[in-house]
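Before I ask anything, let me first share the structure, which is written out below as structure tokens.
All chains are named by letter (A, B, ...) in the order of the sequence lines, taking the proteins before the strands, and each is independently numbered beginning at 1.
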Amino acid sequence: MNNQSEVRVRMAPSPTGFFHVGSARTALFNWLFAKHHNGKFILRVEDTDVERSSEDMIDVVLQGMKWLGMDRYEGPYFQSKRIDLYKKYIKKLLETGKAYYCYCDPQILDKERKAAYARKEDWKYDRRCLSLSDANKEKKDQSNTLKAVRFLIPEHRVTYKDIVYGEISRDSKDIEDFIIQRANGMPTYNLACVVDDHDMGISHVIRGADHITNTPKQILLYEACDFAIPEFAHLPLILGPDKSKLSKRHGAVSLDEYKKKGFLPDAMVNYLALLSWSPGDDNEDFMDRKRPENLGTVDMVRLAKEFTLERVNKANAIFDVTKLEWMNQQYVMQLNKPRFRERLKPFVIKHGLMTEEEINQRDKWYAEVCNLMQPRLRTLDEINNQGRYFFKDDFDYDQTALQKFTNRETLTTMKTFLPVIQDINPFDVMNIEITLLNFGENHGLKVKQWIHPLRVFTTGTKAGPPLFDTLELIGKQRCISRIEKMLKQKKES
RNA sequence: GGCCCCAUCGUCUAGCGGUUAGGACAUCACUCUUUCAAGGUGGAGACACGGGUUCGAUUCCCGUUGGGGCCGCCA
């Protein structure tokens with residue numbers, strides 16, 4: 001058996017095929033708590049529902065854990081491989097009269113329940129199978145009627161002290177004799193969860209607040225099985241903008257979607273840690289600033305050190321993507337250059353901006369583009385919208401900006417710049433700057449008279465990195481052909 | 001319908017009887033700047049309501065209202 005004082009927590013996902021950010025937050029809090037107390041973090045897959053589970057569905061969770069930097073855990077254990085253990089306890093409960101067989105047709109029960117709700121009435125299973133005579137049971141067994149096992153709820157109020165919510169109390173008369181074993185012989189969630197938490201020596205059950213109502217049920221089960229009851233800590237729910245539990249209809253809810261959008265796991269961790277928890281002082285920044293090479297990464301050690309369940313808030317929290325984006329930008333911005341280049345690479349390739357080979361061949365050029373774009377990206381995926389013009393000619397033009405610069409005067413100005421640009425040798429920032437500035441001045445042009453149209457003509461946008469650096473990286477020929485293209489196009493219209 | 005939980009700026013939050021109610025995101029000015037981003041400065045912005053308790057309530061208690069969660073042979 002495990003040492004009594006050892007902290008053992010777990011994350012218990014069901015294999016739904018995706019990794020909800022709420023689950024990620026729960027995992028993180030468990031992980032931080034374990035780390036804080038030098039305890040163990042266990043991963044247990046709750047896959048007792050055979051019809052909806054498959055082993056590869058859990059892969060996305062395992063990957064997500066790795067992505068977030070929480071890949072050191074005990075397990076994963078699969079409940080589907082521990083059925084005998086659950087059956088042992090179910091049998092015991094049956095033998096001691098703490099559970100009983102239920103032969104009811106689930107469809108009929110369901111109908112009754114729905115009818116009651118429709119009448120605005122409460123409904124609870126009425127224990128009709130508890131009082132079944134032996135003869136009757138035998139008859140049903142003979143005819144192979146399917147039977148599930150129900151837990152006979154003892155009559156007394158259940159009270160426990162939740163680490164974050166304080167005392168929570170529920171009268172057991174409000175709890176129905178819930179099913180602990182399906183007709184197909186598989187245990188259900190509450191039973192398996194209790195048996196496992198006991199068997200695995202879990203000291204603290206840290207999970208979403210949607211499990212608050214399950215807790216009294218489980219405590220009753222702990223008592224019936226004669227297990228020691230662990231500590232419970234429920235975490236406020238993460239809500240969508242409409243204040244209901246964050247779900248798929250709110251848009252991006254899976255960790256994977258955020259990864260694909262170009263969020264850094266480090267920013268994700270920092271943001272998630274601050275949802276329902278705060279360090280107490282005004283510092284929300286958990287970036288590792290101790291060593292320059294670690295900039296842009298999150299300091300999980302410091303987070304774990306500061307994290308306590310006592311500082312978890314009770315109120316539900318709305319997931320604020322805008323703040324996440326801001327935080328991500330902070331992390332992206334600070335990332336050391338080589339690391340940023342590596343992080344950006346998959347997005348450059350994904351959008352067909354460059355191939356892996358091209359990046360290797362033109363690594364210096366790629367690095368310079370990275371330097372210019374790094375401080376401007378909120379998410380890595382934005383490289384396509386914000387910096388496509390560096391790589392490709394098929395970028396979109398900001399039409400309103402273009403309109404502004406297609407008057408006769410500006411077009412003429414741009415035309416006079418063409419040969420000047422043609423003559424810049426070598427075509428580097430310094431030369432470009434000196435030449436263009438001089439030329440403009442000599443022709444009585446104010447800088448903004450030509451610099452803005454020049455930017456729009458060559459990049460399609462009025463916002464971006466310093467223009468002369470940008471021009472150099474785009475290259476002379478492409479600059480010229482882009483300007484010519486605009487002149488030609490506008491003359492025709 | 002039953003049960004449980006929650007309640008500070010638009011959002012995330014600090015506050016654990018006496019504060020000019022603090023910070024962050026977003027927002028609005030100004031500043032820096034060839035544009036954008038970042039940065040800097042400043043502004044606006046909250047204790048849901050009603051009763052108690054107390055010399056004194058954002059803070060403690062009760063109620064109201066509002067919001068959320070659960071009530072599956074899902075987890």
Inset, instruction - Give one of base, sugar-phosphate or nothing for Leu274(A), where a contact means two heavy atoms less than 4.0 Å apart. - result: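 Leu274(A): backbone/sugar contact only, no base atoms under 4.0 Å.
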Legend entry - Interatomic distance, Leu471(A) CG vs U34(B) P [rounded to whole Å]: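 For the pair Leu471(A) CG and U34(B) P, the rounded distance is 15 Å.
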Inset, instruction - Decide, yes or no, whether a salt bridge links Asp398(A) with Arg455(A) under the criterion of side-chain N to carboxylate O below 4.0 Å. - result: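 Salt bridge flag = no for Arg455(A) with Asp398(A).
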Inset, instruction - Tell me which nucleotide among G15(B), U34(B), C71(B) gets nearest to the side chain of Arg311(A). - result: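 Comparing G15(B), U34(B), C71(B) against the side chain of Arg311(A), the answer is G15(B).
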Legend entry - Position toward the 5' end of RNA chain B (nearest nucleotide), Asp210(A) or Asn184(A):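 It is Asp210(A) whose nearest nucleotide is closer to the 5' end.
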Inset, instruction - Just compare U35(B), G22(B), A75(B) and give me whichever is closest to any side-chain atom of Asn214(A). - result: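 Closest nucleotide among those given: A75(B).
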Legend entry - P atoms of G66(B) and A48(B), separation to the nearest Å: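 It comes out at 16 Å once rounded to the nearest Å.
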Inset, instruction - For Tyr117(A), answer base if it contacts any base atom (sugar-phosphate contacts may also be present), sugar-phosphate if it contacts only those atoms, and nothing otherwise; contact means non-hydrogen atoms under 4.0 Å. - result: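 Base contact.
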Inset, instruction - Give one of base, sugar-phosphate or nothing for Gly464(A), where a contact means two heavy atoms less than 4.0 Å apart. - result: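 Touches a base.
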Legend entry - Lys404(A) NZ to U35(B) C1', straight-line distance once rounded to whole Å: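 Those two atoms, NZ and C1', are 10 Å apart.
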Inset, instruction - Please measure how far the P atom in G52(B) lies from the corresponding atom in G68(B), and state the result in whole Å. - result: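 The answer is 31 Å between these two P atoms.
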Inset, instruction - May I ask you to say what Gln329(A) touches in the nucleic acid, namely base, sugar-phosphate or nothing, with a heavy-atom cut-off under 4.0 Å? - result: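 Sugar-phosphate contact only - Gln329(A) comes under 4.0 Å of backbone atoms but never of a base.
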Inset, instruction - Take atom C1' in C47(B) and the same atom in A14(B), then report the distance between them in whole Å. - result: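 Those two atoms are separated by 13 Å.
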Inset, instruction - Indicate, yes or no, whether a donor-acceptor pair under 3.5 Å links the base of G1(B) to the side chain of Asp122(A). - result: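 Indeed, a donor on one side and an acceptor on the other fall under 3.5 Å apart.
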Inset, instruction - Output the single nucleotide from U11(B), A7(B), C73(B) whose closest atom is nearest the side chain of Lys243(A). - result: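 Looking only at side-chain atoms, Lys243(A) lies closest to U11(B).
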Inset, instruction - Tell me what Ser276(A) touches on the nucleic acid: a base, only sugar-phosphate, or nothing, going by heavy atoms under 4.0 Å. - result: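 If one applies the 4.0 Å heavy-atom cut-off, Ser276(A) turns out to touch the sugar-phosphate alone, with no base involved.
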Legend entry - Nearest-Å distance for atom pair CZ/C1', residues Arg378(A) and C36(B):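 It is 12 Å, rounded to the nearest whole Å.
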Legend entry - Pairwise 5' ranking along RNA chain B for Glu167(A) and Ile318(A), keeping only the more 5' one: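 Going by which nucleotide is closer to the 5' end, it is Glu167(A).
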Inset, instruction - Take atom P in G18(B) and the same atom in A24(B), then report the distance between them in whole Å. - result: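 The answer is 24 Å between these two P atoms.
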Legend entry - Close aromatic pair by centroid cut-off 6.0 Å: Phe307(A) and Phe33(A):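 They do not qualify: ring centres at least 6.0 Å apart.
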Inset, instruction - Among G68(B), U34(B), C73(B), find the nucleotide with the atom closest to the side chain of His452(A). - result: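 Per side-chain heavy atoms of His452(A), the pick is U34(B).
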Inset, instruction - Look at all strands and tell whether Pro216(A) reaches a base, only sugar-phosphate, or nothing, counting heavy atoms closer than 4.0 Å. - result: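 Nothing: the residue Pro216(A), judged by heavy atoms under 4.0 Å, touches no strand.
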Inset, instruction - Mind checking Pro465(A) for me? I need base, sugar-phosphate or nothing, with any heavy atom below 4.0 Å counting as a touch. - result: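 Base contact.
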Inset, instruction - With C1' as the reference atom in both, quote the distance from U35(B) to C25(B) in angstrom, rounded to an integer. - result: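 That atom pair is separated by 25 Å.
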Inset, instruction - Under 4.0 Å between any heavy atoms, over every strand shown, what does His234(A) touch: base, sugar-phosphate, or nothing? Just pick one. - result: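 No contact at all - His234(A) keeps every heavy atom at 4.0 Å or more from the nucleic acid.
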Legend entry - Paired nucleotide for A24(B) [Watson-Crick or G-U wobble; both distances under 3.5 Å]: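 Its partner is U11(B).
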Inset, instruction - Under a 3.5 Å limit for both distances, which nucleotide forms a Watson-Crick or G-U wobble pair with A29(B), could you say? - result: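 Because both required distances fall under 3.5 Å, A29(B) counts as paired with U41(B).
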Legend entry - Proximity of Tyr160(A) and Phe232(A) rings by center, below 6.0 Å: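 Tyr160(A) vs Phe232(A): aromatic centres under 6.0 Å.
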Inset, instruction - Respond yes when some side-chain nitrogen or oxygen of Asn313(A) is under 4.0 Å from OP1 or OP2 of A14(B), and no when none is. - result: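 Yes.
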Inset, instruction - Would you indicate what Ser14(A) reaches in the nucleic acid, counting non-hydrogen atoms under 4.0 angstrom: base, sugar-phosphate, or nothing? - result: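 If one applies the 4.0 Å heavy-atom cut-off, Ser14(A) turns out to touch the sugar-phosphate alone, with no base involved.
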Legend entry - Quiz item: Glu121(A) side-chain donor-acceptor pair to G2(B) base, under 3.5 Å: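 Per atom types, no contact qualifies.
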Inset, instruction - May I ask you to evaluate whether Ser244(A) reaches the phosphate of G68(B), defined as a side-chain N or O under 4.0 Å from OP1 or OP2? - result: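 Answer no for this pair, as no side-chain N or O of Ser244(A) is under 4.0 Å from OP1 or OP2.
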Legend entry - Given C73(B), G23(B), C5(B), the nucleotide with the shortest approach to the side chain of Ala183(A):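 Comparing C73(B), G23(B), C5(B) against the side chain of Ala183(A), the answer is C73(B).
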Inset, instruction - Compare the minimum distances between each of A7(B), A75(B), U35(B) and the side chain of Arg455(A), then state the nucleotide with the smallest one. - result: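 The closest nucleotide is U35(B).
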Inset, instruction - Send over the distance from Asn316(A) CG to C12(B) P, rounded to a whole Å. - result: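 Checked: the CG to P distance equals 10 Å.
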Inset, instruction - For a ring pair (Phe, Tyr, Trp, His ring centres under 6.0 Å) with Tyr271(A), tell me which candidate from Phe319(A), Trp277(A), Trp326(A) qualifies. - result: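 The passing option is Phe319(A).
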Inset, instruction - Look at all strands and tell whether Lys462(A) reaches a base, only sugar-phosphate, or nothing, counting heavy atoms closer than 4.0 Å. - result: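 The residue Lys462(A) makes base contact.
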Legend entry - Value in whole Å for how far the P atom of C36(B) lies from CD1 of Ile451(A):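 Interatomic distance, CD1 of Ile451(A) to P of C36(B): 12 Å.
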Inset, instruction - May I ask you to say what Lys245(A) touches in the nucleic acid, namely base, sugar-phosphate or nothing, with a heavy-atom cut-off under 4.0 Å? - result: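 Touches sugar-phosphate only.
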Legend entry - Met333(A) side chain, from C-beta outward: closest of A14(B), U35(B), A38(B):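 Per side-chain heavy atoms of Met333(A), the pick is A38(B).
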Inset, instruction - For Leu275(A) and A14(B), give me the distance from atom CG to atom P, rounded to whole Å. - result: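 These atoms are roughly 12 Å apart.
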Legend entry - Check: His198(A) ring centroid to Tyr222(A) ring centroid under 6.0 Å: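 Ring centres of Tyr222(A) and His198(A) not closer than 6.0 Å.
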Legend entry - Interatomic distance at P, C9(B) relative to U58(B), whole Å: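 Going atom to atom, P in each nucleotide, I get 15 Å.
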Legend entry - Sole candidate of Arg44(A), Arg10(A), Arg82(A) that passes salt bridge (Lys or Arg N to Asp or Glu O under 4.0 Å) when paired with Asp199(A):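 The option that passes is Arg82(A).
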Legend entry - Protein-nucleotide distance (Trp450(A), atom CH2; U34(B), atom P), rounded to Å: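 Taking CH2 of Trp450(A) and P of U34(B), I get 11 Å after rounding.
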Legend entry - d(NZ, Lys314(A); C1', G15(B)) in whole Å: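 The distance from NZ of Lys314(A) to C1' of G15(B) comes to 14 Å, rounded to the nearest Å.
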Inset, instruction - Using Watson-Crick or G-U wobble geometry with both distances below 3.5 Å, tell me the partner of C60(B), or none. - result: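 Base-paired to G52(B).
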Inset, instruction - Give one of base, sugar-phosphate or nothing for Glu46(A), where a contact means two heavy atoms less than 4.0 Å apart. - result: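 Here Glu46(A) touches the backbone only, sparing every base.
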Inset, instruction - Scan Glu176(A) against the nucleic acid and name what it touches under 4.0 Å (heavy atoms): base, sugar-phosphate only, or nothing. - result: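 Sugar-phosphate, backbone atoms only, no base.
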Legend entry - Span that lies between the C1' atom of C6(B) and that of A44(B), in whole angstrom: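 The answer is 29 Å between these two C1' atoms.
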Inset, instruction - Return yes when atom CD of Gln107(A) has more than 12 non-hydrogen atoms of other residues, nucleotides or ligands closer than 6.0 Å, and no otherwise. - result: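 Counting other residues, nucleotides and ligands, CD of Gln107(A) stays at 12 neighbours or fewer.
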Inset, instruction - Confirm from the modelled atom types if Asp320(A) and A26(B) form a donor-acceptor pair under 3.5 Å, side chain to base only. - result: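 Such a pair does not exist between side chain and base.
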Inset, instruction - Could you tell me whether Arg128(A) and Glu112(A) have a side-chain N and a carboxylate O separated by less than 4.0 Å? - result: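 Looking at Arg128(A) and Glu112(A), the cut-off is met.
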Legend entry - Shortest side-chain distance from Asp174(A), nucleotide among G69(B), C6(B), G2(B):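 Side chain of Asp174(A) sits closest to G2(B).
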Inset, instruction - Please measure how far the P atom in G72(B) lies from the corresponding atom in C3(B), and state the result in whole Å. - result: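 It comes out at 16 Å once rounded to the nearest Å.
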Legend entry - Who pairs with G1(B) - Watson-Crick or G-U, where each distance is under 3.5 Å: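 Pairing partner: C71(B).
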Inset, instruction - For this output row, return yes or no: ring centroids of His211(A) and Tyr189(A) closer than 6.0 angstrom. - result: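 Yes; Tyr189(A) has its ring centre under 6.0 Å from that of His211(A).
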Legend entry - Trp450(A)-Phe417(A) aromatic ring centre distance below 6.0 Å: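 Centroid distance Trp450(A)-Phe417(A): below 6.0 Å, so yes.
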Legend entry - Under-3.5 Å donor-acceptor pair between Arg170(A) side chain and C4(B) base: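 Result: no qualifying N/O pair found.
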Inset, instruction - Remember a base hit wins even if backbone is also touched, and classify Leu467(A) as base, sugar-phosphate or nothing at under 4.0 Å, heavy atoms. - result: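 Contact class for Leu467(A): base.
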